[in-house]
Number of protein chains: 2
Amino acid sequence: MVNDLATIKDVAKLAGVSVATVSRVLNQSNSVKPETVKQVTDAIEALDYHPNFLGRTLRRLETRKILVMVPTISNQFYSRVIRGIQAAAFDHRYHVMLGISGGDSESEQQYIEMLRHRLVDGIIFLHSGMSAEEISELGADCPVVFACEQVEGARVSLVSINDYNAASEATTFLLQNGHRRIAFVSAGDLYASSKLRTKGYRDAIGQYHIPFDPHLVLPEGLTFNAGVRAAKKILQMETFPDAVFLASDTAAFSLISELRKAGIQAGRDISVMGFDNTPTAEYFSPALTTISQPQFDIGKRAMELLLDRIQDPNAPVVTEYLPYRLEIRDSVLLK
Amino acid sequence: MVNDLATIKDVAKLAGVSVATVSRVLNQSNSVKPETVKQVTDAIEALDYHPNFLGRTLRRLETRKILVMVPTISNQFYSRVIRGIQAAAFDHRYHVMLGISGGDSESEQQYIEMLRHRLVDGIIFLHSGMSAEEISELGADCPVVFACEQVEGARVSLVSINDYNAASEATTFLLQNGHRRIAFVSAGDLYASSKLRTKGYRDAIGQYHIPFDPHLVLPEGLTFNAGVRAAKKILQMETFPDAVFLASDTAAFSLISELRKAGIQAGRDISVMGFDNTPTAEYFSPALTTISQPQFDIGKRAMELLLDRIQDPNAPVVTEYLPYRLEIRDSVLLK
DNA sequence: CCTTTGCCTGTAATCGGTTACATCCATTAT
DNA sequence: ATAATGGATGTAACCGATTACAGGCAAAGG
């Protein structure tokens, strides 16, 4: 029945005042007579008027919306990070939108365009396909923060765990429990985090004076399919590893499943260590030993840093590493 | 270095034409001399000009963005639906934004405001806390489609599986395989789908002339925690059920895990049937027997229906049920 | 009684685009 | 030679808000 939304003009007409006065009422300017305020608010009520964002934003250059750019939401890992972002956003009366790039850089550019044109006030990247230079440039112009995943050499704020240390510690834990032939499944050089985790793994091995065997590093990725592929490769090895460390829980689940089909039980015949501590990890069989990231806090902190930058474009670029934790469950054999 | 973005005026000035001409070039109007087009495009190039969405949208009332409203992304189920939506959106040069309501209706209202004010061209709801009347009203004014989850009595388009039939079929499958005491875990009346599934379960039981036992219906929810709670209740029952049918895979995973801790193996001592066929289902131990929904197609179809409605506000309201499939794996004992 | 002060409100410019309409000029038809 | 035609472009109104500035009016001060 109501074709079009009421505009500020309609309200002004009904209240018998100018649009300026209506706007002043809307923005709580104190220079309006209480009587007039009442007339206006009555008119607003009567017309069920809601101010139009576009007009407002066009003037104000503020949307109170931020965008989270995420490569995928299939990976359970991100959901808790996003919840953390939302919590902090809510506290500051901001709204969160999610953009799923799918790893496609054209799609990513479209979302960045939204930022450049102030459809959102800032972006938190959970991943990006852009080069360090592009990111630094964007970060110089607009509020941008990275979380979980960094891009080497990019001058933007980052909240994450220290992937190198975490992987190193996880590997050392395996070594301490008597494992010597440890395979490592990661996403290769695709992500900076993968690179760092690989380095952490390698250096920990080195510390124990175990010769590095490149065949044990399987850059299959972080997905279910990656785990399946890794399992197949492992089953073809002449000497089986006594432990497998995967850079994602997701891949660990499917790897365990595949190995079981071949009669090899994780936590009995072989040790498996995951990474991320996704919600499923504790319910899986065997319950997965993994690195727990403070996902919620990472998200929360990233949002706070973004707000700092929105409020002050010259806020310093910082890198914050949050504590991780080794979650010991049943998939790794202990000495 | 570049403080502000170039505007259409800057381009006009540099090209030595009016803003109208620039706008015409931008919008591929054919009434511009090729020579002039070149001047303008050169200027655009030189200034690295990108048209501002806000100004454009304010006039055009078109954003080529749609919003998907989802209660949570912790649930793995939604990701494939969203991928389907994205695929269809991409084909029609639309962009997808995700709004996570967290079940909070104030948050939901904020996103709806975006639609009302044309910050997006339409919304696909994967769930809503609104009443049927509110939804019908919104649907009358703006392009809105529901997917997966309906709201009884709401006059809006819907794409889903037939939850009643699916639950009924799943229950019948359990009955056919000799199970007689079947517990059912759902979200109670919270979701219409839950209600329908409960009804499907109940009617199937009735078909087999088994007296309905209300104690066997556990409205714990669809989350990991729900599965844990359900397991605890089941373990306290004097007579154990011989099968448990859960309205979500997620809850099934944690239930299986809890039962195992009590020495009860799903697929050996008890049967467990899930719902959704989330990615983890096939890798879980035991691999989960469940109802597979065509999530991708649901999303794709929902997007297509939304586009129909965006293009023609009077497009008919339709309900489309897509085929589901019983995915038989190892968690249900067969006769 | 006239001027000043200050509160309240309206007018109009503005944000960055789009587009109806007017205008100009070169062709073509009469 | 004049009028009609139509292509290319400019002018200005408009979308829905915000806000600087101006102005009106009543109370206070001289």
Side-chain angles (χ1 to χ4, degrees), chain A residues 2-41 43-44 47-65 113-121, chain B residues 2-41 43-44 47-65 113-121:
Chain A
V2 180
N3 282 341
D4 281 308
L5 256 44
T7 73
I8 198 168
K9 281 181 197 159
D10 302 323
V11 176
K13 196 182 294 172
L14 183 61
V17 299
S18 74
V19 294
T21 302
V22 176
S23 177
R24 278 189 272 263
V25 171
L26 289 172
N27 297 291
Q28 331 249 27
S29 163
N30 46 5
S31 69
V32 182
K33 215 198 298 181
E35 223 172 289
T36 316
V37 170
K38 172 113 179 55
Q39 282 172 40
V40 172
T41 47
I44 288 174
L47 295 171
D48 189 30
Y49 164 77
H50 298 253
N52 179 310
F53 290 127
L54 290 167
R56 172 173 292 182
T57 304
L58 199 52
R59 285 296 305 226
R60 283 228 185 134
L61 298 181
E62 188 206 49
T63 63
R64 294 200 89 76
K65 295 188 201 320
E113 202 90 319
M114 290 184 65
L115 173 61
R116 284 223 140 95
H117 293 306
R118 322 290 167 114
L119 282 181
V120 294
D121 293 347
Chain B
V2 180
N3 283 340
D4 281 309
L5 257 44
T7 73
I8 198 169
K9 281 179 196 160
D10 302 323
V11 176
K13 195 182 294 174
L14 183 61
V17 298
S18 73
V19 293
T21 303
V22 177
S23 177
R24 278 189 273 263
V25 171
L26 288 172
N27 298 292
Q28 330 249 27
S29 161
N30 46 5
S31 69
V32 182
K33 216 198 299 180
E35 225 171 286
T36 316
V37 171
K38 172 113 178 54
Q39 282 172 36
V40 172
T41 47
I44 289 175
L47 295 171
D48 189 28
Y49 165 77
H50 298 251
N52 178 310
F53 290 125
L54 290 167
R56 171 173 292 180
T57 305
L58 200 51
R59 283 300 303 228
R60 282 231 185 129
L61 299 182
E62 186 206 51
T63 63
R64 296 201 88 77
K65 297 188 201 318
E113 203 90 319
M114 292 183 65
L115 173 60
R116 284 224 138 96
H117 293 306
R118 322 291 168 116
L119 282 182
V120 294
D121 293 347

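Order of the sequence lines sets the chain letters (A, B, ...), proteins ahead of strands, with each chain counted from 1.
- Side-chain atoms of A/K33 lie closest to C/dC8 of the nucleotides C/dC8, D/dA17, D/dA12.
- Taking atom CD on A/E35 and atom C1' on C/dT9, their separation rounds to 13 Å, with Å as the unit.
- Between A/L54 atom CG and B/L54 atom CG the span is 6.0 Å, to the nearest 0.5 Å.
- The B/S18 side chain lies nearest to D/dT11 when the options are D/dT11, C/dT18, C/dG17.
- A sub-4.0 Å separation between OP1 or OP2 of D/dT18 and a side-chain N or O of A/N27 is present.
- Atoms NE2 (B/H50) and C1' (C/dG16) sit 15 Å apart, rounded to a whole Å.
- Here C/dT9 is the nucleotide among D/dT19, D/dT11, C/dT9 with the atom lying nearest to any side-chain atom of A/V32.
- Residues A/V40 and A/V32 fail the side-chain proximity criterion, which asks for heavy atoms closer than 4.5 Å.
- When the C1' atom of D/dG16 is taken as reference, atom CG of B/L119 falls 12 Å away, rounded to whole Å.
- Contacts of A/V22 with the nucleic acid, taken as non-hydrogen atoms under 4.0 Å apart, are absent.
- Distance CD (A/E113) to P (C/dG16): 15 Å, rounded to an integer number of Å.
- The nucleotide whose nearest atom lies closest to any side-chain atom of B/Y49 is, among C/dG17, D/dG10, C/dT11, C/dG17.
- Following rounding to the nearest Å, A/K13 (NZ) and C/dT11 (P) show an atom-to-atom distance of 14 Å.
- A donor-acceptor contact shorter than 3.5 Å links the side chain of A/H117 to the backbone of B/P51.
- Rounded to the nearest 0.5 Å, atoms OH (B/Y49) and CG (B/L14) are 13.0 Å apart.
- Residue B/T21 has a polar side-chain atom (N or O) positioned under 4.0 Å from OP1 or OP2 of D/dG10.
- Between B/D121 and B/R64, the shortest heavy-atom distance links the atoms OD2-N, 2.8 Å.
- If A/V19 and A/V37 are placed on DNA chain C by their nearest nucleotide, the residue sitting closer to the 5' end is A/V37.
- Checking B/N52, B/T21, B/V19 one by one against B/I8, the side chain to side chain contact (heavy atoms under 4.5 Å, CB included) holds for a single residue, B/V19.
- For A/R56, a side-chain nitrogen or oxygen approaches OP1 or OP2 of D/dT18 to under 4.0 Å.
- Which of C/dG17, D/dG10, D/dT18 sits closest to the side chain of B/N52 comes down to C/dG17.
- Ranked by how close their nearest DNA chain D nucleotide is to the 5' end, B/G55 and B/T36 are led by B/T36.
- Atom CG of B/L26 is separated from atom C1' of C/dG17 by 9 Å (rounded to the nearest Å).
- Nearest-nucleotide positions on DNA chain D for B/R24 and B/R59 put B/R24 closer to the 5' end.
- Nucleic acid contact for B/S31: base, since at least one base atom lies under 4.0 Å from a heavy atom of the residue.
- Here the P atom of nucleotide C/dT14 and the CG atom of B/L54 are 19 Å apart, to the nearest Å.
- In this entry the distance linking NZ of A/K9 with C1' of D/dA13 reads 10 Å, nearest Å.
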